[in-house]
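Keep in mind it's a predicted model, so treat the numbers as computed, not measured. One-based numbering, in listed order, for ligands and for the atoms of each. Start at 1 with the first residue, then count along the sequence.
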Amino acid sequence: MNVESSNAQGAIYYIFGATGDLAKRKLFPALFSLYKEGKLSENFAVVGLARRERTNEQFRADLYESIVEFCRYKADDVELWNRFAEHFEYMPLDINNVEAFRGLATLSDQLDAKFNIPGNRLFYLALAPSLFGPVSFSLRDGGLLESKGWHRVVIEKPFGYDLESAQKLNDQITQVFKEEEIYRIDHYLGKEMVQNIQVIRFANAFFEPLWNNNHIANVQITLSETVGVEERGGYYDKSGALRDMGQNHMLQMLTMIAMEPPSRLHGEDIRDEKVKVLRSLRPYKSSDEVRNLVVRGQYSEGSLNGKELPGYRQEDSVGENSTTETYFAAKLAVDNFRWAGVPFYIRTGKRLPVKTTEVVIEFKSMPQNVLFAQRHDLQPNLLVIRVNPMEGIYIKVNAKTPGEDNSVQPVNMEFCQSCQIGINTPEAYERLIHDAVRGDSTYFTRWDEVAQAWEFVDRIAAAWREDSADLQHYPAGSWGPEKAEKLLAQDGFKWWPVNGQEEDNVIWVSNSGK
Ligand code: BG6
């Protein structure tokens, strides 16, 4: 596949679900940032589509509000704003009405002519998964795929509810689009530091040689959130943390850490390596194994930063006896030569004390019979990749305590990327929309990855269906069920503090001025 070097050709972007939350918070702000940075050129149009009646003026007014509230750039240059907004049209649409799609095709031809666009089409489906199939069919039957340029579809998660439903979805979509025209979004893959994992691994002489079971004791991936389910109770109560975060973001990050070096830095080669990791994940063999190796939690009442918070079951649109998990932690094994014997611990949850995403690589300790290790309780070396909201990396090393005879002290040496360049790095959605329009699907998930991830997750979900008794409750604002501590303790490990909340005796050397 050819990746276009720029977007000079131009395209029409169709946002299905244009009056929804994702469009408002992420997609419109991303388009504005791309425009501000000259990455959209002037040959583009955006058509907002939803059921609701709206005029172009109302749509553009909503667009403005969304940019003011959520975009990292200000919309204070009136001339630039007007030029940008002129590219936006709104059309109310019933997705089963093929006639209406024909109308959309006619509008598209007009927009091609007006903005000098060569027939390229990017369909962004910010919709419930049950609509992916019907929209694809209507696009085809309404003649939207007959223009002379390329046609690509971007699909939001969740991609199905389990392997079976995902397979059905995929069967429908692939009746209309080829795999290389399908861009399945996992916005974590658009994050700066997730993409940086490859550079850290493959561009540093002192990491890659150690990146295996001879030197790494364990890997920990934490995705903690302070938010509850907010107004998404209806969706979340059916999904839960395992499907909402585990099947996608967490397993995707794990593949980036665990994959073999690809033969080339090309999308297909990278995705080939990632899917091999997913295939190597050791499946849980029984419900007992799931009970021992996967912790399932749900928040109850508690407090966070001095604020009293309701329990999950008291949230809007959540069943009062719901057994949906808002937290899970798991121990995974990657059964291949590189990783045999190295546990991967992952955890995610809502209403935890901090919002943070971090990957900790814990290296094996020095042998106890030599030199300093004999006399001191040496801490292991760590490499910590800080993904979100702070971006950067730090390594933990042991050094002599200044002024003290042969005394050893841990030192964290940090490159805080977000401190250095501010928080103004491109948002994940900017990067991904730009990639899709350039035809670069590296950071989108391929069908075999999605299927493999569901297969793994389905076993956990099946065991939980059989046994709701193991649901652990944790107070909102805590670090989750105690059982998650035991998961590591039984292997002689502990969760390392995240978000820079290190133990007292650590010296920080950081460009953040810590
Ligand atoms: C989404 C989940 O995919 O990711 C949400 O559906 C979650 O439940 C969100 O809050 C977290 O993303 P980020 O980028 O804020 O860490």
For [atom], find the nearest protein heavy atom and state the residue, atom name and distance (0.1 Å precision).
{"atom": "atom 14 (O) of ligand 1", "value": "Lys191 NZ, 2.6 Å"}
{"atom": "atom 9 (C) of ligand 1", "value": "Glu225 OE2, 4.0 Å"}
{"atom": "atom 16 (O) of ligand 1", "value": "Tyr188 OH, 2.4 Å"}

Check Tyr183, Trp150, Tyr14 against Phe123 for a ring-ring contact (aromatic ring centres under 6.0 Å, His included) and give me the one that passes.
->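 The residue from Tyr183, Trp150, Tyr14 that satisfies ring-ring contact (aromatic ring centres under 6.0 Å, His included) with Phe123 turns out to be Tyr14.
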Does even one non-hydrogen atom of Tyr236 get within less than 4.0 Å of ligand 1?
->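 Contact check Tyr236 vs ligand 1: negative.
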Which bit of Asn388 gets closer than 4.0 Å to ligand 1, counting heavy atoms only: side chain, backbone, both or neither?
->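 Asn388 to ligand 1: side-chain contact only, backbone stays beyond 4.0 Å.
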Cation over ring face, Arg184 and Phe159, 6.0 Å, 45° |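 Arg184 over Phe159 ring: yes.
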For Lys157, counting its heavy atoms only, list the atoms of ligand 1 lying under 4.0 Å from any of them.
->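 Within the 4.0 Å cut-off of Lys157, ligand 1 contributes 1 (C), 2 (C), 3 (O), 6 (O).
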Considering the heavy atoms of His187, write down every atom of ligand 1 situated less than 4.0 Å from one of them.
->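 What qualifies from ligand 1 is 1 (C), 3 (O), 4 (O), 12 (O), 13 (P), 14 (O).
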Looking only at atom types and distance, does a side-chain atom of Lys157 sit under 3.5 Å from a main-chain N or O of Asp244, one as donor and one as acceptor?
->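 Yes: the side chain of Lys157 pairs with the backbone of Asp244.
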Please walk me through it: do Glu289 and Lys331 pass salt bridge (charged side-chain N to carboxylate O under 4.0 Å, His left out)?
-> CA-CA 10 Å; Glu289 220 173 60; Lys331 175 180 170 181; over 6 Å; no
Nearest non-hydrogen partners of Asn204 and Val199, listed with the distance =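 Between these two residues, the closest heavy atoms are ND2-O, 3.7 Å.
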Tyr235 N/O under 3.5 Å from ligand 1 N/O |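 N/O-N/O distance below 3.5 Å does not exist for this pair.
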Per [atom], closest listed option by heavy atom ([options]):
{"atom": "atom 2 (C) of ligand 1", "options": "Asp244, Val227, Thr356", "value": "Asp244"}
{"atom": "atom 5 (C) of ligand 1", "options": "Arg243, Lys355, Arg232", "value": "Arg232"}
{"atom": "atom 3 (O) of ligand 1", "options": "Glu427, Lys350, His249", "value": "His249"}

Consider only side-chain N and O atoms of Gln452 and Asp448, and report whether a donor and an acceptor are under 3.5 Å apart.
->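 No pair is found: no donor N or O on one side chain lies under 3.5 Å from an acceptor on the other.
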Is it true that the side chains of Glu449 and Gln252 contain a donor and an acceptor less than 3.5 Å apart?
->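 Gln252 and Glu449 do have a side-chain donor-acceptor pair below 3.5 Å.
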